[in-house]
Amino acid sequence: MKHLLTLEQLSKEELLDILNLADQLKFQKKNGIPHPILAGKTLGMIFQKSSTRTRVSFEVGMHELGGQALFLSSRDLQIGRGEPIQDTARVLSRYLDGIMIRTYAQKEVEDLAKYGSVPVINALTDYCHPCQVLADLMTIREFKGSFDGLKATFIGDGNNMANSIIVGCLRLGMKVSIASPKEYEICDHIKEFAKGYPGMFEMTNDPMVAAKDADVIFTDVWASMGQEGEKEKREKAFLGYQVNDEMMAIAHKDCMVQHCLPAHRGEEITDKVFEEHADEIFEEAENRLHAQKAVLVKLMG
Ligand code: CP
Ligand code: NVA
């Protein structure tokens, strides 16, 4: 693996390889075993959107691996004043050992990888969020023991999270069901991907159909970063697409809940369900650190 641009690029074996390394790095950290695998290496982190978890977990992760991370806000970089990504990629590649980027268009991430000469990590685009879903998969295995026979459900917008969840869960052999309002369904590209898993994927406009017998329910905000102007329209469209007691009652009795965060309580999830599943949700947030360290080691080690 040269870059992490999408989850589609990873085979089942490569995914499991990352998750196994993530488990090992988590064990080492918990037991105080140093692991300076990236000593002397520098990761540049370009942010065109806000972040709490991604920024802090990558920065701490590089530190724990013996390297360092540079926070590069696009507001301060010349990118913000129009310097092309092709030039930025070639310049940064001469200083850095890897580049992490959070931005809008997936093409920007692909261009960074194309024109640069160091590994590039996608830390969220409008299209996907592979780092988050690696952490989610790690958390599911931690709580459930394996992926075999599990049903994963996504309730809400057919967005970046939905896309990566569908890809990651199908790849690892889980059944996936997604419920979105008609005008917010997943893109054709992900529909095509899911066709490669006949009998394993279901798309519906009925959240209760999707949630039935689920082993893991995922949800995400109704309006993502960059969609703030559509907030009111989306609040109307997504009414009924809420993870609440009624929904949890038709899921499997040990059903987990995963949320990438930040969460909007009272919208996509009730405060009660959120708090009842807080252990799983905050373990998921913690696992960002371990899963990303595994990615950094695979790409930059
Ligand atoms: N889940 C996630 O990516 O969080 P941040 O936006 O805080 O980085
Ligand atoms: N779908 C959300 C995920 C945030 C981590 C967004 O893009 O804003």
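The residues of the chain are indexed from 1 along the displayed sequence.
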> Tell me, do Asn122 and Gln106 make a side-chain contact under 4.5 Å, heavy atoms counted?
Replying inline: yes

> Once you round to the nearest 0.5 Å, how far does CG of Leu43 lie from CE of Met100?
Replying inline: 7.0 Å

> Hey, do the aromatic rings of Phe238 and Tyr184 have their centres closer than 6.0 Å?
Replying inline: yes

>> Minimum heavy-atom separation for His3 and Val118, please, with both atom names.
In response: CE1-O, 3.4 Å

> Taking Arg234 for the side chain and Trp222 for the main chain, is one N or O donor matched with an acceptor at less than 3.5 Å?
Replying inline: yes

>> Between Lys114 and Glu110 (salt bridge meaning N to carboxylate O under 4.0 Å), is one present in this structure?
In response: no

> If you group Ile, Leu, Val, Met, Phe, Trp and Tyr whenever their side-chain heavy atoms sit less than 4.5 Å apart, what else falls in with Leu124?
Replying inline: Met225

> Checking Asn160 side chain against Cys128 main chain: does a donor-acceptor pair fall under 3.5 Å?
Replying inline: no

> So among Gln292, Arg102, His129, which one has a side-chain hydrogen bond (donor to acceptor under 3.5 Å, both in side chains) with Thr54?
Replying inline: Arg102

> If you look at every heavy atom in Ser117 and Ser93, which pair is closest and at what distance?
Replying inline: N-OG, 2.8 Å

> Within the distance-only criterion (no hydrogens, no angle test), does the side chain of Asn159 pair as donor or acceptor with the backbone N or O of Met161 below 3.5 angstrom?
Replying inline: yes

> In the hydrophobic clustering that connects Ile, Leu, Val, Met, Phe, Trp and Tyr at side-chain heavy-atom distances below 4.5 Å, which members other than Tyr115 occupy its cluster, ordered by chain and number?
Replying inline: none

> Looking at Ala294 and Leu21, what are the two nearest heavy atoms and their distance?
Replying inline: O-CD2, 3.7 Å

>> Please verify the inter-ring angle class for Phe274 with Phe282; under 30° counts as parallel, over 60° as perpendicular, anything in between as tilted.
In response: perpendicular

> Taking it one step at a time, do Glu286 and Lys30 satisfy salt bridge (Lys or Arg N to Asp or Glu O under 4.0 Å)?
Replying inline: CA-CA 12 Å; Glu286 175 183 327; Lys30 300 279 175 192; 2.8 Å; yes

> What pair of heavy atoms forms the shortest contact from Gly158 to Ile186, and how long is it?
Replying inline: CA-CG2, 3.8 Å

> Between Lys231 and Glu228, is there a salt bridge with N-O shorter than 4.0 Å?
Replying inline: no

> Is a donor on one side and an acceptor on the other found under 3.5 Å between the side chain of Gln258 and the backbone of Glu280?
Replying inline: yes

> When you check the gap from the basic side-chain N to the acidic O, do Lys26 and Asp23 get nearer than 4.0 Å?
Replying inline: no

> Rounded to the nearest 0.5 Å, how far apart are CG of Asn287 and CG of Asp136?
Replying inline: 9.0 Å

>> Can you confirm whether more than 12 heavy atoms, excluding those of Asp279, are under 6.0 Å from its CG atom?
In response: no

> Side chain of Arg171, backbone of Glu8: donor and acceptor closer than 3.5 Å?
Replying inline: yes

>> Tell me if a side-chain donor or acceptor on Asp17 pairs with a main-chain N or O of Glu13 at a distance below 3.5 Å.
In response: no

>> Please check: side-chain N/O of Gln242 versus main-chain N/O of Glu267, any donor-acceptor pairing under 3.5 Å?
In response: yes

> Would you call Asp126 and Lys49 a salt bridge, using N to O less than 4.0 angstrom?
Replying inline: yes

> Run the side-chain contact (heavy atoms from CB on, under 4.5 Å) check on Leu299 and Lys2 step by step: do they pass?
Replying inline: CA-CA 6 Å; Leu299 291 175; Lys2 236 175 111 192; 5.6 Å; no

>> Under a 3.5 Å distance rule, please check whether Arg90 uses its side chain to pair with a backbone N or O of Gln86 as donor and acceptor.
In response: yes

>> Side-chain heavy atoms nearer than 4.5 Å, only ILVMFWY residues, links allowed to pass through others: does that put Met200 and Leu7 together?
In response: yes

>> I need the single residue from Lys29, Lys293, Gln24 that forms a side-chain hydrogen bond (donor to acceptor under 3.5 Å, both in side chains) with His35. Which is it?
In response: Lys293

> When you check the gap from the basic side-chain N to the acidic O, do Lys182 and Glu185 get nearer than 4.0 Å?
Replying inline: yes

> In Å, rounded to the nearest 0.5 Å, how long is the span from NZ of Lys253 to CE of Met248?
Replying inline: 12.5 Å

> Does the side-chain contact (heavy atoms from CB on, under 4.5 Å) test come out yes or no for Phe193 and Asn163, once each step is laid out?
Replying inline: CA-CA 10 Å; Phe193 177 90; Asn163 291 345; over 6 Å; no

> Where do Thr270 and Val243 land on the side-chain contact (heavy atoms from CB on, under 4.5 Å) test, with the steps shown first?
Replying inline: CA-CA 6 Å; Thr270 58; Val243 180; over 6 Å; no

> Does the salt bridge (Lys or Arg N to Asp or Glu O under 4.0 Å) test come out yes or no for Lys175 and Asp213, once each step is laid out?
Replying inline: CA-CA 11 Å; Lys175 285 193 173 158; Asp213 299 325; over 6 Å; no

> Is there a donor-acceptor pair under 3.5 Å between the side chain of Thr125 and the backbone N or O of Thr103?
Replying inline: no

> Shared ILVMFWY cluster between Leu77 and Met45, side chains joined below 4.5 angstrom?
Replying inline: no

> Cut-off 3.5 Å, side chains only: do Glu283 and Thr139 have a donor facing an acceptor?
Replying inline: no

>> Just verifying a value: how many Å separate Phe154 CZ and Ser164 OG, rounded to the nearest 0.5 Å?
In response: 10.5 Å

>> I'd like to know whether Glu232 forms a salt bridge (Lys or Arg N to Asp or Glu O under 4.0 Å) with Lys236, so could you lay out the CA-CA distance, the side-chain angles of the two residues, the decisive distance to 0.1 Å, and finally the verdict.
In response: CA-CA 7 Å; Glu232 279 176 26; Lys236 290 199 188 92; 5.4 Å; no

> Minimum heavy-atom separation for Lys144 to Asp215, with atom names?
Replying inline: CE-O, 3.5 Å

>> Side-chain heavy atoms nearer than 4.5 Å, only ILVMFWY residues, links allowed to pass through others: does that put Met1 and Leu96 together?
In response: no

> What is the distance from atom CG of Leu150 to atom CZ of Arg141, rounded to the nearest 0.5 Å?
Replying inline: 12.0 Å

>> With salt bridge (Lys or Arg N to Asp or Glu O under 4.0 Å) as the criterion, how do Lys298 and Glu14 come out once you've worked through the C-alpha distance, each side chain's angles and the decisive distance to 0.1 Å?
In response: CA-CA 10 Å; Lys298 290 277 175 206; Glu14 285 173 315; over 6 Å; no

>> Which heavy atom of Arg288 sits nearest to which heavy atom of Ser57, and what is that distance?
In response: CB-OG, 4.0 Å

>> Between Thr204 and Val209 (side chain of the first, backbone of the second, donor and acceptor by atom type, cut-off under 3.5 Å), is there such a pair?
In response: no

> Under 4.5 Å between side-chain heavy atoms, hopping through other hydrophobics if needed: is there a path connecting Tyr241 to Leu261?
Replying inline: yes

> Is Asp97 paired with Lys41 through a side-chain N to carboxylate O contact shorter than 4.0 Å?
Replying inline: no

>> Leu25 and side chain to side chain contact (heavy atoms under 4.5 Å, CB included): which single residue from Leu289, Ile37, Ile33 fits?
In response: Ile37

>> side-chain contact (heavy atoms from CB on, under 4.5 Å), that's the test. Do Glu268 and Asp220 meet it? Break it down for me.
In response: CA-CA 7 Å; Glu268 75 274 6; Asp220 187 17; 5.8 Å; no

> Is there a donor-acceptor contact under 3.5 Å linking the side chains of Gln48 and Glu108?
Replying inline: yes

> Do Val176 and Ile190 share a hydrophobic cluster (ILVMFWY, side-chain heavy atoms under 4.5 Å, transitive)?
Replying inline: yes

>> Tell me every residue that passes ring pair (Phe, Tyr, Trp, His ring centres under 6.0 Å) with His189, counting only those two or more places apart in sequence or in another chain.
In response: Tyr127

>> Let me confirm one number: the NZ-CG distance from Lys195 to Asp188, rounded to the nearest 0.5 Å.
In response: 8.0 Å

